[in-house]
J.: 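Sharing a structure, written as structure tokens. Questions coming.
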Amino acid sequence: MADEEAEQERLSRGGGGCAAELQRLGERLQELERQLRESRVPAVEAAAEYCQQLCQTLLEYAEKWKTSEDPLPLLEVYTVAIQSYVKARPYLTSECENVALVLERLALSCVELLLCLPVELSDKQWEQFQTLVQ
């Protein structure tokens with residue numbers, strides 16, 4: 001119980017920057033989805049561009065945190081990315097091989113990170129993650 005309270009305290013102190021970064025990430029991914037939705041190029045080309053930009057954006061944001069020190073912000077990055085991908089999915093053609101590959105790699109990265117967490121997720125965090133995956 002004390003460990004969980006200490007973790008919540010740590011997150012609330014450092015969470016301001018993390019929350020702001022996650023909001024910017026969400027906004028950037030929404031912009032990518034809007035560009036995909038409004039694209040006038042062939043569907044395969046638009047999907048490939050979206051996948052490339054999504055991966056580039058994730059790399060930029062994932063590099064902001066040292067997972068060896070605190071992997072939870074990176075899990076949040078993956079969560080935001082999966083949510084964004086789900087919203088964009090109706091506009092992505094399966095004819096583009098990158099579409100399935102990006103989702104597969106994103107899911108694999110999440111699982112690997114979960115397996116390496118030095119602390120357990122709180123019940124609330126675990127429920128949120130399970131809901132997202134479903």
Side-chain angles (χ1 to χ4, degrees):
M1 183 70 167
D3 289 339
E4 190 172 314
E5 289 175 3
E7 179 67 9
Q8 290 300 324
E9 172 73 19
R10 186 186 62 75
L11 289 173
S12 65
R13 276 183 299 180
C18 181
E21 286 295 327
L22 289 171
Q23 182 173 347
R24 282 192 284 278
L25 171 62
E27 290 167 357
R28 189 157 170 197
L29 294 177
Q30 284 177 352
E31 176 62 20
L32 290 178
E33 187 232 327
R34 185 195 62 74
Q35 290 172 0
L36 172 68
R37 192 176 56 244
E38 296 175 359
S39 178
R40 300 289 182 235
V41 299
V44 173
E45 187 179 325
E49 178 67 19
Y50 172 83
C51 290
Q52 180 183 6
Q53 291 298 318
L54 176 74
C55 290
Q56 181 63 39
T57 300
L58 288 178
L59 283 173
E60 290 172 18
Y61 279 84
E63 290 175 346
K64 294 181 185 223
W65 292 283
K66 294 181 180 176
T67 57
S68 60
E69 294 175 11
D70 184 10
L72 291 178
L74 184 56
L75 184 61
E76 291 292 327
V77 167
Y78 288 149
T79 301
V80 169
I82 291 171
Q83 289 171 332
S84 176
Y85 185 91
V86 167
K87 290 178 185 174
R89 184 63 185 103
Y91 307 102
L92 295 167
T93 177
S94 59
E95 293 175 22
C96 176
E97 63 186 38
N98 293 344
V99 170
L101 183 63
V102 166
L103 183 58
E104 178 184 316
R105 296 288 168 92
L106 190 53
L108 181 61
S109 294
C110 281
V111 170
E112 288 174 343
L113 184 62
L114 286 170
L115 291 173
C116 295
L117 286 177
V119 296
E120 289 187 23
L121 293 176
S122 69
D123 289 342
K124 180 181 178 183
Q125 289 170 316
W126 181 242
E127 287 173 15
Q128 288 174 338
F129 185 77
Q130 284 180 318
T131 300
L132 171 68
V133 172
Q134 291 173 355

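Hydrogens, waters and symmetry mates play no part in the numbers below; they use all other heavy atoms, side chains included. Being a predicted model, the structure only gives us computed values, none of them experimental.
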J.: Show the numbers, then the answer: is there a side-chain hydrogen bond (donor to acceptor under 3.5 Å, both in side chains) between E27 and Q23?
T.: CA-CA 6 Å; E27 290 167 357; Q23 182 173 347; 3.2 Å; yes

J.: Short question: side chain of S84, backbone of V80 - any donor-acceptor pair under 3.5 Å?
T.: no

J.: For E21 and R24: C-alpha separation, side-chain torsions, deciding distance, then whether salt bridge (Lys or Arg N to Asp or Glu O under 4.0 Å) applies.
T.: CA-CA 5 Å; E21 286 295 327; R24 282 192 284 278; 2.5 Å; yes

J.: Minimum heavy-atom separation for Y61 to R28, with atom names?
T.: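 Shortest heavy-atom separation between Y61 and R28 comes out as CE1-NH1, 3.9 Å.
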
J.: L58 and A81: which non-hydrogen atoms are nearest, and at how many Å?
T.: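 L58 and A81 have their closest heavy atoms at CD2-CB, 3.4 Å.
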
J.: Can you tell me how far CG of L113 sits from CG of L108, rounded to the nearest 0.5 angstrom?
T.: 11.0 Å

J.: Does atom CZ of R34 have more than 12 heavy-atom neighbours, drawn from other residues, nucleotides or ligands, at distances under 6.0 Å?
T.: yes

J.: Out of curiosity, does V111 fall in the hydrophobic cluster containing V102 (side-chain heavy atoms, cut-off under 4.5 Å, transitive links)?
T.: no

J.: To the nearest 0.5 Å, what is the distance between CG (L59) and CG (L54)?
T.: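 Output value for this atom pair is 9.5 Å.
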
J.: Taking distance alone, no hydrogens or angles, what donor-acceptor pairs closer than 3.5 Å link side-chain atoms of residues 86-96 to residues at least two apart or in another chain?
T.:
residue : atom : partner : partner atom : Å
R89     : NH1  : L92     : O            : 2.7
T93     : OG1  : E95     : N            : 3.2

J.: Working to the nearest 0.5 Å, report the span between CG of N98 and SG of C55.
T.: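 That separation rounds to 7.5 Å.
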
J.: May I have the step-by-step check of side chain to side chain contact (heavy atoms under 4.5 Å, CB included) for C110 and I82, ending in yes or no?
T.: CA-CA 10 Å; C110 281; I82 291 171; 3.7 Å; yes

J.: If two hydrophobic side chains count as joined below 4.5 Å and joins carry through other members, does Y85 share a cluster with V44?
T.: no

J.: When clusters are formed by joining ILVMFWY residues with side-chain heavy atoms under 4.5 Å apart, either directly or through shared neighbours, do L106 and L25 land in the same one?
T.: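 Cluster IDs for L106 and L25 match.
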
J.: Does any donor atom in the side chain of E31 or Q35 lie under 3.5 Å from an acceptor atom in the other side chain?
T.: yes

J.: Should L101 and L36 be regarded as members of a common hydrophobic cluster, given that ILVMFWY residues are connected when their side-chain heavy atoms come within less than 4.5 Å of each other, either directly or indirectly?
T.: no

